[in-house]
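Report on the following structure.
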Amino acid sequence: MTAAPKWNVVAHDGEAVVVVGLTAGFDEVSRIRCTWPEWPAVAETADAATRWVWSDTVRWYPRLLDAGIVLARCQDLRLCHAILRASALVADDAAAPLRAALAWDAPSAEAVTTATPALFDLDAGPGGVPDDLAEVLIELRRQEAAVTSSADPGRLRLLLAAESAGALLAAELHAAGLPWSRPVHEALLEEVLGARPAAGVHAPRVRELADVVRAALGDPAASLDSQPKLLRSLHRVGVLATSTSRWELAEYDHPVIEPLLQYKKLTRLESANGWAWLDEWAADGRFRPVYVPGGVVTGRWASSGGGALQLPRQLRPAVRADPGWVFVVADVAQLEPRVLAAMSGDLALAEAARGRDLYDGILAGGVVSSRAEAKVAMLGAMYGATTGDSGRLLPALRRAYPRAMALVDAAAQTGDDGGVVSTWLGRSSPPSSEGWRGVQDRAGAPDASEADRVRARRSARDRGRFTRNFVVQGTAAEWALAWLADLRGVLAAQPLAPAEPVASASGIVFSQRAHLCFFLHDEIIVHTPVAQAEQVADAVRLAAARAARLMFGDFPIDFPLDLRITADAAKT
DNA sequence: AATACAAGCGCG
DNA sequence: AAAGCGCGCTTGTATT
């Protein structure tokens, strides 16, 4: 009997789907041809330990989820290509073929179908990265060569596995959806905005506030939604603001300010998450944003549709577990500074973080005089603040945590100089753009003007702040992916409970056992039957501990979670 | 009429 | 409160 293949490569071969089993040495040990409708059945019978290799998770996985099939691991060639082609850990001669394979830089099939529906309507095919067997096999070899060319293949393998697990999870989160209570959302809207208005009309509370604002402006016809017009109206009554932003208006003492700020708050809720949003995004009792793994240069996920990255806290009460189910809601306290402590090997910062609120730890060390100061100083260090309270506190932070500060300062200097920085696992920042280098070159020319030099300084500093933050934000994203990947595996290994008697909005596979249903940078929500909630909570904590060890080995850093078990996900 | 951009505000 | 990073979405205005 042949050993299980290391990879199962799935691709198109003409009209057919073909699954090729490969050993670590790229020897073919199996080949199955099937039709697209047969693909789920073939995937289901394959060895569960084998890693699936495919062009783009969005192209292959949703069909399996529809059939109730969840896979353990994959290599998403599109996402891994993006990492490896740019990674400073990959040797130049192994990166060159990846950089030359431009077809693999295409956006995902999902992005293509949503961004250019006109193309998709025709028979032009779905676009995206290559999908036929020969191309896929060649790309897999290129990627393997890139990984083995590295001085530290282990880190890159970890990164590619985490990124690919994220791709699986993103599809699963979309399929499962976030349980969403339409009645709770509607009640909230009615309480704040009044009864649902006809299409194209403002809600009652909004209209009342508009009247109050116009009265205070002494102009019954004042336009409140056009910034230039509103600004002129404000100037007429003596409010000499330079913009209509909330924080600037709040500085002025005038009867129009309070109702105007309230008006802006309500119109924001109405337009961003009002009845129209509810109809479009959560009509079936699940909110299904499209998650975009690797959508941010730092490796964070982006999202498209419904604004999953910006669900206002105000709406959290509408996140409601199914009957008999609860949520395990967990977020990591101060993820980024903890990651910074670990990657810089800063024992003093790790000590401040251990077993407590990190900002309290900094305060306890006598570095600053309040928790608020500790927070603003730490954020300033990671974002590159130079002025204000944050800038003022940086010297104290530098004295107390020299290693951590040296790491972010060095990253900033590298970016300022036009260089590339990398995360802990080897995701590298984009190289400086041609335009950016042009600005720097101009400033260095003998006939450069003062304006040229000022512009160059500014863009260099801008880039420095980006690379400063890149290493921390990107490594935090890696930690989060490691956490998710571990947890996802543990949950998927749980035995299936009997199917719910009532069909779940999440489909059969997610109605039979605990599953992740939301992820946002450093926060997760697991939807679980009540009986398993404690067990799931333990798995969530254990996954965090294992992620820390996987990334940072024995370095003494911990990642405490704020965790609660609740039927409604409102923040406490 | 369609598209690009800026302002503003929501999230981490 | 904003400052210093990263995003998405809506609205109005400017451009074509």
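In the text below, chain A, chain B and the rest are named by the order of the sequence lines, each starting its count at 1.
When heavy atoms are screened at a 4.0 angstrom cut-off, G305(A) is found touching the sugar-phosphate backbone but no base atom. As judged by a 4.0 angstrom heavy-atom cut-off over every strand, R268(A) is placed among the base-contacting residues. At the heavy-atom level, G306(A) lies under 4.0 Å from the strands shown only through sugar-phosphate atoms. Among the protein residues, L311(A) comes within range of the sugar-phosphate backbone only, with heavy atoms under 4.0 Å from sugar or phosphate atoms but none that close to a base. At the heavy-atom level, D389(A) lies under 4.0 Å from base atoms of the strands shown. No contact: K265(A) has no heavy atom under 4.0 Å from any strand. Counting any heavy atom pair closer than 4.0 Å across all strands shown, V376(A) reaches a base atom. Looking at heavy-atom distances under 4.0 Å, S245(A) makes contact with sugar-phosphate atoms alone, never a base. Using a 4.0 Å heavy-atom cutoff across all strands shown, G307(A) reaches sugar-phosphate atoms only and no base atom. No engagement by T267(A) is indicated, since no non-hydrogen atom pair under 4.0 Å with the nucleic acid exists.
Here, dA1(C) and dG8(B) have their P atoms 16 Å apart, quoted to the whole Å.
Put simply, the side chain of D105(A) reaches to within 4.5 Å of the side chain of R85(A), judged on heavy atoms. The closest side-chain heavy-atom distance from L520(A) to Y291(A) is not below 4.5 Å.
There is a side-chain donor-acceptor pair under 3.5 Å between Q440(A) and S459(A).
As a whole-Å value, the separation of L249(A) CG from dA7(B) C1' is 13 Å. Counting to the nearest Å, the C1' atom of dA1(C) and the CD atom of E373(A) are 15 Å from each other. Taking atom CZ of residue F287(A) and atom P of nucleotide dG10(B), one finds them 17 Å apart after rounding to whole Å. If you measure from atom CG of L269(A) to atom C1' of dT11(C), you get 16 Å, rounded to the nearest angstrom. As rounded to whole Å, 11 Å separates atom P of dA3(C) from atom CD of E248(A). Distance OH (Y383(A)) to C1' (dC5(C)): 5 Å, rounded to an integer number of Å. Rounded to whole Å, the distance from CD1 on I524(A) to C1' on dG12(B) is 15 Å. Across the protein-nucleic acid pair, D409(A) atom CG and dG4(C) atom P stand 16 Å apart, rounded to whole Å.
A cation-pi contact, defined as under 6.0 Å to the ring centre and within 45° of the axis, links R155(A) to W424(A). Figure legend: cation-pi geometry between R288(A) and W281(A) absent, as NZ or CZ is not positioned both under 6.0 Å from the six-membered ring centre and within 45° of its axis.
Ring geometry for H527(A) versus H515(A): interplanar angle over 60°, hence perpendicular rather than tilted (30 to 60°). A perpendicular orientation is assigned to the rings of F470(A) and F466(A), their planes being inclined by more than 60° (bins at 30° and 60°).
Which of dC11(B), dC9(B), dG8(C) sits closest to the side chain of K264(A) comes down to dC9(B). With dC5(C), dA3(C), dA7(B) as the candidates, the nucleotide lying closest to the side chain of Q227(A) is dA7(B). Across dC5(C), dG8(B), dT13(C), the shortest atom-to-atom separation from the side chain of N469(A) is found for dC5(C). For R465(A), the listed nucleotide lying nearest its side chain is dC5(C); candidates were dC5(C), dT13(C), dT10(C). Closest to the side chain of V297(A), out of dT11(C), dT13(C), dC7(C), is dC7(C). Out of dG12(C), dG10(B), dG6(C), the shortest distance to the side chain of D225(A) is found at dG12(C).
The phosphate of dG12(B) (OP1 or OP2) has a side-chain N or O of R313(A) nearer than 4.0 angstrom. For dC5(C), the OP1/OP2 oxygens have no side-chain nitrogen or oxygen of T298(A) closer than 4.0 Å.
Taking 3.5 Å as the limit, the base of dG6(C) and the side chain of Q473(A) contain no donor-acceptor pair of atoms between them. You won't find any donor-acceptor pair under 3.5 Å spanning the side chain of R246(A) and the base of dG8(B), going by distance alone.
The 5' end of DNA chain C is approached more closely, in terms of each residue's nearest nucleotide, by S303(A) than by the other of S271(A) and S303(A).
Figure legend. dG4(C) is base-paired to no nucleotide; pairs are counted as Watson-Crick or G-U wobble with both atom distances under 3.5 Å.
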